[in-house]
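Below: one structure in C-alpha cells.
All residue numbers in this chain count up from 1 along the given sequence.
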Amino acid sequence: MKLAGLKSVESAHDDSVWCATWVPATETRPALLLTGSLDETVRLWKGDEIVLERTNSGHCLGVVSVAAHPSGVLAASASIDSFVRVFDVDTNNTVATLEAPPSEVWHLQFDPQGTILAVAGGSSASVKLWDTTTWQLFGTLSIPRPDSSKPADKSASKKFVLSVAWSPDGRRVACGSMDGTISVFDVARAKFLHHLEGHLMPVRSLAYSPADPRLLFSASDDAHVHMYDAEGKSLVGSMSGHASWILSLAPSPDGAAVATGSSDRTVKLWDLSTRAAVQTMSNHTDQVWGVAFRPPGGSGVRAGRLASVSDDKSVSLYDYS
C-alpha cells in the first residue's frame, strides 16, 4: 500500500481549512470533496482534479466539521456559531438549520442508514441525535458523571465531547472527550455501555473499521493511534510515530490501512497488518486538521483517493493503492 501525491491546491480557502469529507457519488455525478474553513465557508470540489465546484456561505463563524449523507444528496456543516446547516449538495438550498447552545456543536456524522445525524456535543458532555426526516432533536446520549462529583468538581469540562463515530451497523455510537476517554453507547436504547481507556489527552478523531464492525480507531493529542475492540472494551493495539498531536484519522475503504493528519504538519499512512507507519507525506506547511478517503462507488471510479486539509489553507489529493 502506498500514497502518491496527485495535486495540491494552495489557498483553497481564505483561512485555515479545518475539516474535509467526501460526498458519495450519485447516479448523476461522481463523488465530491467537501471542505470547511475558518473563513466561514464550505467548498465543494471535483474529486480527481480538485477543481472548485461551489462555495457555500451561511455561517457567521468558522466551520469545524462537515458530514455527508450516505445518499450523496445532502450534507451538513457545523460552525463555532453553534448552528448546523443541512443543505442539498447539488443546489446548495438550505434543507434545515439546527441550533445548539454555544460550544455544543463539534464533530458531525450521519449514521450508515442516513436516518440520524449525530453531533458531538462539546461542553454538554453528550452526543445529540437529530432525526433526518423531521430535523428534530430526538435523543441525547449523555456521558455519565463520576459518582464522586462534587459541585466544585470540574469533571464535566473534561468530558467535553470532540469527536463522534457510528459503527458500520448503526447500532453503536462512540464519542471521544477532552480527557482522553472514549464512551460507547447503544443507540436504540439510548444507553451508555462503557468507557474505553488508554488515552490521557484529547481524542480528536474516531472511526470504526469498515472491515471489522467491532474495531474502533482513535487519534489523540498524545500522538498515538489506538485500536479497540469496542464491544469487548479492550485495547488491542497502539501505533505511534507522529511528533505531535494527531488531529484526524481515516480508515481506508478496504480496511487495510489508516491515514492520520497531525499538528507535526504530516500525513501518515499506517499498515494495520504490521501496525506501523509505511509512509509520511509532507505536503503541508502547517498542521493537518483533516484526512478523508474517497468512498468506493460511482461510475468509472477505480482508483483510491485520500484528501488532506491544513491550517496552511491548502487541500492535497493523493492516490491510494
So, T132 side chain and G114 main chain: donor-acceptor pair closer than 3.5 Å or not? yes

Under 3.5 Å, side chain of R43 to main-chain N/O of A12, donor-acceptor pair present? yes

Going only through I, L, V, M, F, W and Y residues with side-chain contacts under 4.5 Å, is there a path from W289 to F160? yes

Under 4.5 Å between any side-chain heavy atoms of V119 and V164, yes or no? no

Are any non-hydrogen side-chain atoms of L38 and W18 less than 4.5 angstrom apart? yes

Heavy atoms of A250 and F293 approach each other most closely as O-CE1, 3.3 Å

ILVMFWY cluster membership beyond V51 - transitive side-chain contacts under 4.5 angstrom: none

Is there a path from V236 to I246 through hydrophobic residues (I, L, V, M, F, W, Y) whose side chains come within less than 4.5 Å of each other? yes

Working for side-chain contact (heavy atoms from CB on, under 4.5 Å), residues F87 and S77: CA-CA 8 Å; F87 58 93; S77 55; 4.1 Å; yes

W166 side chain to P112 main-chain N or O, any donor-acceptor pair under 3.5 Å? no

Tell me, do W245 and M201 make a side-chain contact under 4.5 Å, heavy atoms counted? yes

Working to the nearest 0.5 angstrom, can you tell me the gap between K159 NZ and S126 OG? 13.5 Å

All heavy atoms of T21 vs all of A68, minimum pair found to be CG2-N, 4.1 Å

Are L306 and V291 side-chain neighbours, meaning at least one heavy-atom pair lies under 4.5 Å? yes

Less than 4.5 Å apart, any side-chain heavy atom of V66 and any of T35? no

Closest heavy-atom contact between W270 and A277? CE3-N, 3.3 Å

Could you go step by step and tell me if W106 and V64 meet the side-chain contact (heavy atoms from CB on, under 4.5 Å) rule? CA-CA 6 Å; W106 291 91; V64 290; 4.0 Å; yes

side-chain hydrogen bond (donor to acceptor under 3.5 Å, both in side chains) partners for S103, two or more places apart: S123

Of D312, V309, V288, which is the lone residue that meets side chain to side chain contact (heavy atoms under 4.5 Å, CB included) with V17? V309

Side-chain (K46) to main-chain (E53) donor-acceptor, under 3.5 angstrom: no

Do you know the tightest heavy-atom contact between A100 and V105? CB-CG2, 3.3 Å

Any side-chain to backbone donor/acceptor pair from S220 onto P202? Under 3.5 Å, distance only. yes

Short side-chain to backbone donor-acceptor contact, H69 and S71, under 3.5 Å: yes

Roughly how far, to the nearest 0.5 Å, is the NE2 atom of H107 from the OG atom of S205? 6.0 Å

Does S308 reach the side chain of S316, with side-chain heavy atoms less than 4.5 Å apart? yes

Quick check on the hydrophobic clustering: are W135 and L108 connected, directly or via other members, by side-chain heavy-atom contacts under 4.5 Å? yes

Set of ring-ring contact (aromatic ring centres under 6.0 Å, His included) partners for Y318, sequence neighbours left out: none

Linking directly or through intermediates, with side-chain heavy atoms under 4.5 Å: list the remaining ILVMFWY members grouped with L200, chain and number order. none

Quick one: does M178's side chain get under 4.5 Å of L162's, heavy atoms only? yes

Under the rule for ring-ring contact (aromatic ring centres under 6.0 Å, His included), what residues qualify as partners of H226, not counting sequence neighbours? H199, Y228

Is it the case that D131 and Q136 place a side-chain donor and acceptor less than 3.5 Å from each other? no

Which residues pass the side-chain hydrogen bond (donor to acceptor under 3.5 Å, both in side chains) test with S163, not counting sequence neighbours? none

Using every non-hydrogen atom in the two residues, find where S16 and S37 come nearest and quote the distance to one decimal. O-OG, 2.7 Å

Assess, by modelled atom type and distance only, whether the side chains of S142 and T140 contain a donor and an acceptor separated by less than 3.5 Å. no

If we check side chain to side chain contact (heavy atoms under 4.5 Å, CB included) with I143, which of these qualifies: D179, V127, T181, V161? V161

Within a strict 4.5 Å, meaning less than it, do heavy atoms of the D90 and D88 side chains meet? yes

Checking side chain to side chain contact (heavy atoms under 4.5 Å, CB included) against K268, which of L3, L249, T260, V225 comes through? T260

Do F192 and F138 share a hydrophobic cluster (ILVMFWY, side-chain heavy atoms under 4.5 Å, transitive)? yes

D15 and K313 ion-paired at < 4.0 Å: no

Assess the residue pair R85 and T94 against the criterion (side-chain contact (heavy atoms from CB on, under 4.5 Å)); give the C-alpha distance rounded to whole Å, side-chain angles, the decisive distance to 0.1 Å, and a yes or no. CA-CA 7 Å; R85 179 173 180 264; T94 300; 3.1 Å; yes

Note: K128 and L137 closest approach over all heavy atoms is CB-CD1, 3.7 Å

Treating H59 as the side-chain partner and D39 as the backbone partner, does any N or O pair qualify as donor plus acceptor under 3.5 Å? no

Quick one: pull up NE2 in H194 and CG in D186 and give me the separation to the nearest 0.5 Å. 10.5 Å

Quick one: does any side-chain atom of S310 pair with a main-chain N or O of D286 as donor and acceptor, under 3.5 Å? yes

side-chain contact (heavy atoms from CB on, under 4.5 Å) evaluation trace for W130 with V86: CA-CA 11 Å; W130 296 79; V86 183; over 6 Å; no

Can you tell me if R265 and S282 form a side-chain donor-acceptor pair at under 3.5 Å? no

Drop me the distance from M239's CE to L272's CG, to the nearest 0.5 angstrom. 5.5 Å

Any chance you could measure F110, atom CZ, to I116, atom CD1, to the nearest 0.5 Å? 11.5 Å

Taken to the nearest 0.5 Å, the spacing of L317 CG from N283 CG works out to 10.0 Å

Any chain of hydrophobic side-chain contacts (each under 4.5 Å) joining L196 to Y208? yes

